[in-house]
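Below you'll find the structure, written out as structure tokens, and then a few comments.
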There are 2 protein chains.
Amino acid sequence: MVTMRDVAAEAGVSAMTVSNALTGRRPVSEPTRKLVLETVERLGYQVNVTARSLRQGRTGVVGIAVPTLDSHYYSRLSHLLIQAFAESGTASVVEETHASREGEIAAFRDSRLNAYDGLVIAALGLTEREIDALSRDVPVVVLGEQELHHTVDHVSMPNVAGAEAATRLLLDRGCRDLALVGFPSLDDRDELTQPEGAAFALRARGFSRALQGTGVSARAVHAGVTQAAGAQCVQDLLATGGVPDGVFCVTDTLAFGVVRELANHGVRVPDDVLVVGFDDVEDAQFHIPSLTSVAPDLDELIARTVHLLRQRIADPGTRPHEVTVSYRLVERESTRRPGR
Amino acid sequence: MVTMRDVAAEAGVSAMTVSNALTGRRPVSEPTRKLVLETVERLGYQVNVTARSLRQGRTGVVGIAVPTLDSHYYSRLSHLLIQAFAESGTASVVEETHASREGEIAAFRDSRLNAYDGLVIAALGLTEREIDALSRDVPVVVLGEQELHHTVDHVSMPNVAGAEAATRLLLDRGCRDLALVGFPSLDDRDELTQPEGAAFALRARGFSRALQGTGVSARAVHAGVTQAAGAQCVQDLLATGGVPDGVFCVTDTLAFGVVRELANHGVRVPDDVLVVGFDDVEDAQFHIPSLTSVAPDLDELIARTVHLLRQRIADPGTRPHEVTVSYRLVERESTRRPGR
DNA sequence: CTGAAAGCGCTTACAG
DNA sequence: CTGAAAGCGCTTACAG
């Protein structure tokens, strides 16, 4: 392997000068600079980032820790974060936490070990207290859903407001027998063993708020977070009280499973039941029927996240920020009642 | 930060002994080992992986380079690879190449710089010759579609055979006016500027092979790789010769766009047109209609890839392997002609 | 079983 | 503008 020393010897300068010519950290005379760069080119030298990192105490890489990449939402989020960091000149790598406490602790540990200069984490398994403690050593932005003690930068989704708006739409369209799919109870204090618990509890709270004082009946079902889980929820609804006339799903993924399983039972959307999802993943526009969904402003989410992390890396002392991004309710076929 | 020296001083041993107690590389007497581990625990010491990597010349991390994470197929593939490497005790990080030559070169460079001990790359932008040259310095397994010179380990999809089987199904179901969606020509030698060119050309070849000697007419359309591109292809078909009676799409993603846009024009699947996709992403089962698709054996793909890379890291001298995984054709509603 | 010395390849601080 | 020395925190030889 060609090292900086080899280049220096070949060019007849010191390693320092090679380093300076390459990084531009200190000025180098133009002829020397040209000579060095030519030699670098000729020998095919490439800087050893491990050595640089050890010396500098930082790697120039930020970590992105998400529960899983096997999810339309989190894979897209990771993609957008990578893009945005790249545009601001920062390399990033993605790590899966499997939504587990252990996986999330590992992400913090990897950051602290100089592997990353900063961390964006969609934390689902850790408690607020644990995040507070772990984030002391590492510049971190927490994405998502927890209600933290304001000791760490936090960018969250419009869970309550978005869910409330979605549910209001169902009420406005005349629904009087609603179902909440994806959270086991209408009381958001009920704990959910699923790690997405906190986010989904807030969406359940929005659902319940919209119902307050309306006298509209509602049931809650939960079977997991996948499309198959959405299908299972429909079976549970059918078994326990028949078909509702409106369904709010805490994610689009669940909604796709719901619509599909309703079709398996001959129940049509929107003719017989109206359905709304949350996240507005790309597929929502392409399904048949296309899916009405709460669309959080991902551009805002990404921009704020990248900005906050860069700021915290640059100045770890700044006061933590709390951001909730805005949303739009995008109405599509799944809530357009034909002929009413 | 607590270093190994601190632990050594505190425990009254040498740094060597701390290292050995931690790694188990050399035997350490049981009392000493206990003392060291206790001290490590008490001081909260964590090994600095950057320093270890610099000294060892390797990081214990493998790179996974995919075109984008904003894709059902590649995000799922990344997820499965991460899982499989984790199960075999190997950490991995994901990098996006944006399907560009530059991005793929960067992935090789990052590997060579000691950032990764090995690389799995879904290469789309590089030529065969470039891959041959770049892979000389790095243990690498190429995923996907290129027909290489057998100088590098290569795991590929059943592109030709899968596409041929999919097209045969359409013919068996009585289709006599076919369309190929996702490749611009029926001649697989035609270059596609899209980086997925090589894979899609092979799928086009399978399509053409199935047609040979049947006298069945066929058109080819191409507008990109997204669901929106699939929709665009339908518009192009309608403008240039009307609705075909069978469509083979080179990916499921395109197929979803096709089915959706057909519905926008009042054309029903499978009543008026049969549609088949490729990849068998999870959504294929949940769309309405559910999508018939070629399902490459991803478990096999993952297992072979992980095994080949570990083998090549352990012994860079072994002869390169060429693997094409098997597939199943999964028939669903999109090709079940009602009442015929 | 244990240790003192050297060095992985850079960059920082000190000098000129 | 340029360089010699030191050191980031480990692990690899070499010794005992």
Side-chain angles (χ1 to χ4, degrees), chain A residues 1-40 43-61 91 109-117 137, chain B residues 1-40 43-61 91 109-117 137:
Chain A
M1 194 170 57
V2 186
T3 70
M4 199 174 261
R5 275 183 63 175
D6 300 332
V7 176
E10 181 78 13
V13 298
S14 73
M16 268 274 35
T17 300
V18 176
S19 177
N20 289 328
L22 249 27
T23 63
R25 194 172 300 270
R26 288 199 316 194
V28 175
S29 78
E30 191 50 31
T32 308
R33 207 180 65 86
K34 274 188 73 171
L35 171 64
V36 168
L37 295 186
E38 272 170 29
T39 311
V40 162
L43 301 187
Y45 169 72
Q46 295 179 311
V47 68
N48 180 319
V49 284
T50 305
R52 173 181 283 177
S53 297
L54 176 59
R55 185 61 248 230
Q56 292 193 145
R58 55 193 175 73
T59 58
V61 176
R109 186 200 54 216
D110 291 351
S111 306
R112 218 173 309 108
L113 299 181
N114 281 356
Y116 314 137
D117 294 346
D137 305 331
Chain B
M1 196 170 56
V2 185
T3 71
M4 200 174 260
R5 276 183 61 177
D6 299 333
V7 176
E10 181 77 13
V13 297
S14 72
M16 270 272 36
T17 298
V18 176
S19 176
N20 290 327
L22 249 27
T23 64
R25 194 174 299 270
R26 290 198 317 192
V28 174
S29 77
E30 191 49 32
T32 307
R33 208 181 64 85
K34 275 189 70 172
L35 172 63
V36 169
L37 296 184
E38 271 170 29
T39 310
V40 163
L43 301 187
Y45 170 72
Q46 294 179 312
V47 68
N48 180 319
V49 284
T50 304
R52 171 182 284 176
S53 298
L54 176 60
R55 185 61 248 228
Q56 292 192 143
R58 54 194 176 73
T59 57
V61 176
R109 186 200 54 216
D110 291 351
S111 307
R112 218 174 309 109
L113 299 180
N114 282 354
Y116 314 137
D117 293 346
D137 304 331

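Each chain gets a letter, A, B and so on, in the order the sequences are listed, and its residues count up from 1.
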Let me know the distance between [atom1] of [X] and [atom2] of [N], rounded to the nearest Å.
| X | N | atom1 | atom2 | value |
| --- | --- | --- | --- | --- |
| B:Arg25 | D:dA13 | CZ | P | 10 Å |
| A:Arg26 | D:dA4 | CZ | P | 12 Å |
| A:Asp6 | C:dC8 | CG | C1' | 13 Å |
| B:Met16 | D:dC14 | CE | C1' | 12 Å |
| A:Gln56 | D:dC8 | CD | P | 15 Å |
| A:Leu35 | D:dT2 | CG | P | 10 Å |
| B:Tyr45 | D:dG9 | OH | P | 10 Å |
| A:Arg55 | D:dC8 | CZ | P | 7 Å |

Are OP1 or OP2 of [N] and a side-chain N or O of [X] less than 4.0 angstrom apart?
| X | N | answer |
| --- | --- | --- |
| B:Thr32 | C:dT2 | yes |
| B:Ser19 | D:dT11 | yes |
| A:Ser29 | D:dT2 | yes |

Upstream residue (5' side of DNA chain C) when B:Asn20 and A:Thr3 are each assigned their closest nucleotide: B:Asn20
Nearest-nucleotide 5' precedence on DNA chain C, A:Arg5 against B:Arg33: B:Arg33
Among [options], find the nucleotide with the atom closest to the side chain of [X].
| X | options | value |
| --- | --- | --- |
| A:Asn48 | C:dC10, D:dT11, C:dT11 | C:dC10 |
| B:Val28 | D:dT12, C:dT2, D:dT11 | C:dT2 |
| A:Thr17 | C:dT11, D:dG3, D:dG9 | D:dG3 |
| B:Leu54 | C:dG9, D:dC1, D:dA4 | C:dG9 |

Flag side-chain contact, heavy atom, 4.5 Å: B:Val18 against B:Val13: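 The answer is yes; the side chains approach within 4.5 Å.
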Side chain proximity check, B:Val2 to B:Glu10, heavy atoms < 4.5 angstrom: no
Base-pairing assignment for D:dA15 (Watson-Crick or G-U wobble, both under 3.5 Å): C:dT2
Side chain B:Ser19, main chain B:Ala15, donor-acceptor under 3.5 Å: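 Between the backbone of B:Ala15 and the side chain of B:Ser19 there is no qualifying donor-acceptor contact (under 3.5 Å).
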Whether A:Asn20 side chain and A:Arg25 backbone form a donor-acceptor pair below 3.5 Å: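 No: the side chain of A:Asn20 does not pair with the backbone of A:Arg25.
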Under 3.5 Å side-chain donor-acceptor pair for A:Thr50 and A:Ser53: no
